[in-house]
Number of protein chains: 2
Amino acid sequence: MYRIVIGLENKMAVVRNTKAQEAVLELLQRSKKTLTADDIINTIDVSVNKTTIYRMLDRFVAAGKVHFVTDTAGKAHYALCTSSCLQSHSLHNHLHFQCKICNQVECLPVKLEVPELENYEVHDMQFLSVGICFKCKQV
Amino acid sequence: MYRIVIGLENKMAVVRNTKAQEAVLELLQRSKKTLTADDIINTIDVSVNKTTIYRMLDRFVAAGKVHFVTDTAGKAHYALCTSSCLQSHSLHNHLHFQCKICNQVECLPVKLEVPELENYEVHDMQFLSVGICFKCKQV
DNA sequence: AAACAAACACAACTTTGTTGCATTTAAAAA
DNA sequence: TTTTTAAATGCAACAAAGTTGTGTTTGTTT
């Protein structure tokens, strides 16, 4: 219900390496497109509980390793942060694309310029475009 | 589960005016910020079933009267379309702001420029910035 | 090796939105 | 005006996505 994370203000807690976490990070690394929690649960080869997946993803987001976009149906899609995510105070100002046909969401290498918002404190952003992707258009 | 709408390709069906619909549109008109289905259900004075509210909102979106943004928690926030929504093929290329404190989402009068996406068919977009709004910053 | 807390599993739950079907009702047709 | 028709609604049951609580496991530090 509360997928927002306050960044890295909360002191970096001690972190432990587990098989499950490594497996999830590897999945995200290998994936060209974003992954939903469900995608991960259905793809991962080690046995991991769904609650664990959700909490893990929250931790990754909090740590700035991963970012997510919510699609038009309200589902969260996760992707590893790249170097470009880290520019300008960890704001993810690149565009995402959600395909109505294959339902996948991908990060696009397109940065959007956002003017300063007077009197607002901007912590993060999600830019989503919706339509039909390259692959699905060809079919 | 499927909040996307294919625009107006489906022939404009006969539309009927009902008290409920008028009431919802009036609520949206009066509201400075976007409203969730729940907001509407809790605010509206005439008795309307929640299913009706959801279907109604879908119809309004399909008709281009209303647009919505999904917040970081995956919840849909609806707003009346203004004249500015109708520019450039009914794409809603203005920015929205979600406040982490009051949890409200508002339309901002800020248009974002999006370059053409080669080989992609863009039907719509959702631009969301997240942080602390003007009012909540003052408290 | 012992201690500690991060990470996990499991079950129950919440929230948001959907589906199917019967009923009502706005508006067109008779 | 009355009849007809399908758009709009109501209701109940359901579904998907994510969360909470609690007890257990297990990395890491001491």
Side-chain angles (χ1 to χ4, degrees), chain A residues 1-5 10-26 34-63 65-66 68-78 98 103-105 126, chain B residues 1-5 8 10-25 34-63 65-66 68-78 98 103-105 126:
Chain A
M1 190 210 206
Y2 219 72
R3 229 175 283 140
I4 296 175
V5 177
N10 38 354
K11 274 281 162 293
M12 193 75 85
V14 178
V15 172
R16 295 178 184 179
N17 283 337
T18 64
K19 297 279 177 200
Q21 287 182 121
E22 272 179 34
V24 169
L25 284 174
E26 216 176 284
T34 63
L35 296 177
T36 64
D38 227 49
D39 289 339
I40 295 172
I41 292 164
N42 295 328
T43 312
I44 203 166
D45 49 357
V46 302
S47 156
V48 191
N49 188 271
K50 77 167 180 174
T51 306
T52 301
I53 299 289
Y54 281 111
R55 292 208 251 235
M56 205 185 288
L57 288 168
D58 285 348
R59 288 198 303 271
F60 292 158
V61 171
K65 287 184 190 167
V66 164
F68 69 94
V69 207
T70 52
D71 66 18
T72 52
K75 192 154 52 169
H77 296 248
Y78 295 86
Q98 172 187 355
N103 254 315
Q104 302 217 56
V105 173
Q126 291 193 9
Chain B
M1 188 206 206
Y2 219 74
R3 230 175 281 142
I4 295 177
V5 176
L8 302 177
N10 37 358
K11 273 282 162 295
M12 193 75 85
V14 179
V15 171
R16 294 181 183 176
N17 283 334
T18 65
K19 297 280 178 200
Q21 288 183 123
E22 273 178 34
V24 169
L25 285 174
T34 63
L35 296 177
T36 64
D38 227 49
D39 289 338
I40 293 172
I41 292 164
N42 294 329
T43 314
I44 203 165
D45 49 357
V46 302
S47 155
V48 191
N49 188 272
K50 78 168 179 172
T51 306
T52 302
I53 299 287
Y54 281 111
R55 293 208 254 235
M56 208 185 287
L57 289 168
D58 285 348
R59 288 196 305 270
F60 292 158
V61 170
K65 286 184 192 168
V66 164
F68 69 93
V69 207
T70 52
D71 65 20
T72 52
K75 191 154 53 170
H77 295 248
Y78 295 86
Q98 172 188 355
N103 255 315
Q104 302 218 57
V105 173
Q126 290 193 11

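The chains referred to below are lettered A, B, ... by the order of the sequence lines, with proteins before strands, and numbering in each begins at 1.
- In this structure, the CG atom of B/Asp39 is 10 Å from the P atom of C/dG17, given to the nearest Å.
- Between the CG atom of A/Leu57 and the P atom of C/dC8 there is a distance of 11 Å, given to the nearest Å.
- Side-chain N/O atoms of A/Thr51 include none lying less than 4.0 angstrom from OP1 or OP2 on C/dA9.
- For the pair B/Arg16 and D/dA6, the criterion of a side-chain N or O lying under 4.0 Å from OP1 or OP2 is not met.
- Side-chain N/O atoms of B/Asn49 and B/Thr51 include a donor and acceptor closer than 3.5 Å.
- For the atom pair OH of A/Tyr54 and CD1 of A/Ile41, the computed distance is 5.5 Å after rounding to the nearest 0.5 Å.
- Across the protein-nucleic acid pair, A/Leu35 atom CG and D/dG18 atom C1' stand 17 Å apart, rounded to whole Å.
- When distances run from any side-chain atom of B/Lys75 to the nucleotides D/dA17, D/dA8, C/dT16, the shortest one goes to C/dT16.
- Put simply, B/Arg55 has no side-chain N or O that comes within less than 4.0 Å of OP1 or OP2 on D/dC11.
- Summarising the geometry, atom CG belonging to B/Asp38 is positioned 10.5 Å from atom NE2 belonging to B/His77; distances are rounded to the nearest 0.5 Å.
- Of the side-chain N and O atoms in A/Tyr54, one or more sit less than 4.0 angstrom from OP1 or OP2 of D/dG18.
- Here the P atom of nucleotide C/dT25 and the CE atom of B/Met56 are 14 Å apart, to the nearest Å.
- Residue B/Asn103 holds its CG atom at 10.0 Å from CG of B/Asp39, rounded to the nearest 0.5 Å.
- Rounded to an integer number of Å, the gap from OH of A/Tyr78 to C1' of D/dG18 is 9 Å.
- In terms of position along DNA chain C, the nucleotide closest to A/Ile53 lies nearer the 5' end than the nucleotide closest to the other residue of the pair B/Lys50 and A/Ile53.
- Both B/Asn17 and B/Ala37 lie close to DNA chain C; mapped to their nearest nucleotides by heavy-atom distance, the more 5′-ward contact belongs to B/Ala37.
- Note: CG (B/Asp58) to P (D/dT9) measures 12 Å, nearest angstrom.
- Listed nucleotides: D/dA17, C/dT16, C/dA7. Nearest to the side chain of A/Thr18: C/dA7.
- Note: CG (B/Asn49) to P (D/dA13) measures 13 Å, nearest angstrom.
- For the 3.5 Å distance criterion, the side chains of B/Gln126 and A/Thr72 fail to qualify, holding no donor opposite an acceptor.
- Look at NZ on A/Lys19: it is 15 Å from C1' on C/dA7, rounded to the nearest Å.
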